[in-house]
Amino acid sequence: MKNNPYIYIFTAALVSYLIRVLPLTLIRKPIKNKFLRSFLFYIPYVTLAVMTFPAIINATQSPIAGIIALIVGIVFSYLGAGLFPVACICCFIVFITELFLV
């Protein structure tokens, strides 16, 4: 049996299309359930966190450097530092940590 790549492409396109179109066609009224609204509100943040946190830890030569940079970044962002300063500080922390650990 020969694998036809067009079947895979068509199936992926159909599934992607249905995931986007079905909610628009089936849900006509506003969602009033507080739990469901809060669940839908936090989905993008959770998805971003699930993709970002493993990358932060695995992007360095040692996971310890990534974890230390993550903790320092959280502290500095909590104290009100912007995105660019936090990124620069985290890069510096990773550089220093890997310089002394590895």
Side-chain angles (χ1 to χ4, degrees):
M1 182 178 210
K2 182 180 174 186
N3 288 337
N4 190 353
Y6 295 112
I7 293 174
Y8 299 123
I9 294 171
F10 177 73
T11 305
L14 181 67
V15 169
S16 297
Y17 180 75
L18 288 177
I19 288 173
R20 288 169 175 81
V21 169
L22 282 179
L24 292 175
T25 58
L26 296 179
I27 303 172
R28 299 266 182 196
K29 296 183 277 183
I31 300 171
K32 294 183 180 176
N33 186 344
K34 281 187 172 185
F35 176 76
L36 188 59
R37 285 176 58 99
S38 66
F39 176 76
L40 293 173
F41 178 78
Y42 287 113
I43 286 177
Y45 301 111
V46 170
T47 306
L48 183 63
V50 166
M51 292 186 303
T52 304
F53 288 132
I56 290 171
I57 295 170
N58 294 327
T60 59
Q61 287 181 354
S62 69
I64 296 171
I67 292 170
I68 293 171
L70 175 66
I71 293 169
V72 170
I74 290 171
V75 169
F76 273 92
S77 64
Y78 182 75
L79 295 175
L83 180 63
F84 186 70
V86 169
C88 290
I89 291 167
C90 288
C91 290
F92 181 73
I93 292 296
V94 167
F95 176 72
I96 295 299
T97 307
E98 287 185 351
L99 188 67
F100 291 114
L101 284 181
V102 178

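All residue numbers refer to positions in the sequence shown, counting from 1. Here the structure is a predicted model, which means the values were calculated and not measured.
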*asked:* If you count heavy atoms of other groups shown closer than 6.0 angstrom to CG of L40, is the number above 12?
replied: yes

*To the nearest 0.5 angstrom, please state how far the CD1 atom of I19 sits from the CG atom of L14.*
10.0 Å

*Among residues two or more places apart or on two chains, list those pairs meeting ring-ring contact (aromatic ring centres under 6.0 Å, His included) that have a residue in residues 8-52.*
F41-Y45

Which atom pairs, one a donor and one an acceptor, fall under 3.5 Å between side chains of residues 79-86 and the rest of the protein, sequence neighbours left out?
none

_Reported CG-to-OG1 distance for the pair L70 and T60, which is rounded to 0.5 angstrom_ = 10.5 Å

*For the residue pair I93 and T97, what are the closest heavy atoms and their distance?*
O-OG1, 2.6 Å

*asked:* Measuring from atom CG of L101 to atom CG of L99, what distance do you get when rounded to the nearest 0.5 angstrom?
replied: 9.5 Å

*Grab the two heavy atoms, one from A69 and one from C90, that are nearest each other, plus how far apart they are.*
O-SG, 3.3 Å

*Supply the atom-to-atom distance I96 CD1 to C91 SG, rounded to the nearest 0.5 angstrom.*
12.0 Å

*Output yes when a side-chain donor or acceptor of T25 lies under 3.5 Å from a complementary backbone atom of L22, and no otherwise.*
yes

*If only atom types and distance count, is the side chain of E98 paired as donor or acceptor with the main-chain N or O of Q61 below 3.5 Å?*
yes

*Under a single-linkage definition using a 4.5 Å side-chain heavy-atom cutoff for Ile, Leu, Val, Met, Phe, Trp and Tyr, are F53 and I89 assigned to the same hydrophobic cluster?*
no

*Indicate if F76 and V94 have the same hydrophobic cluster label, given that clusters are the connected sets of ILVMFWY residues with side-chain heavy-atom separations under 4.5 angstrom.*
no

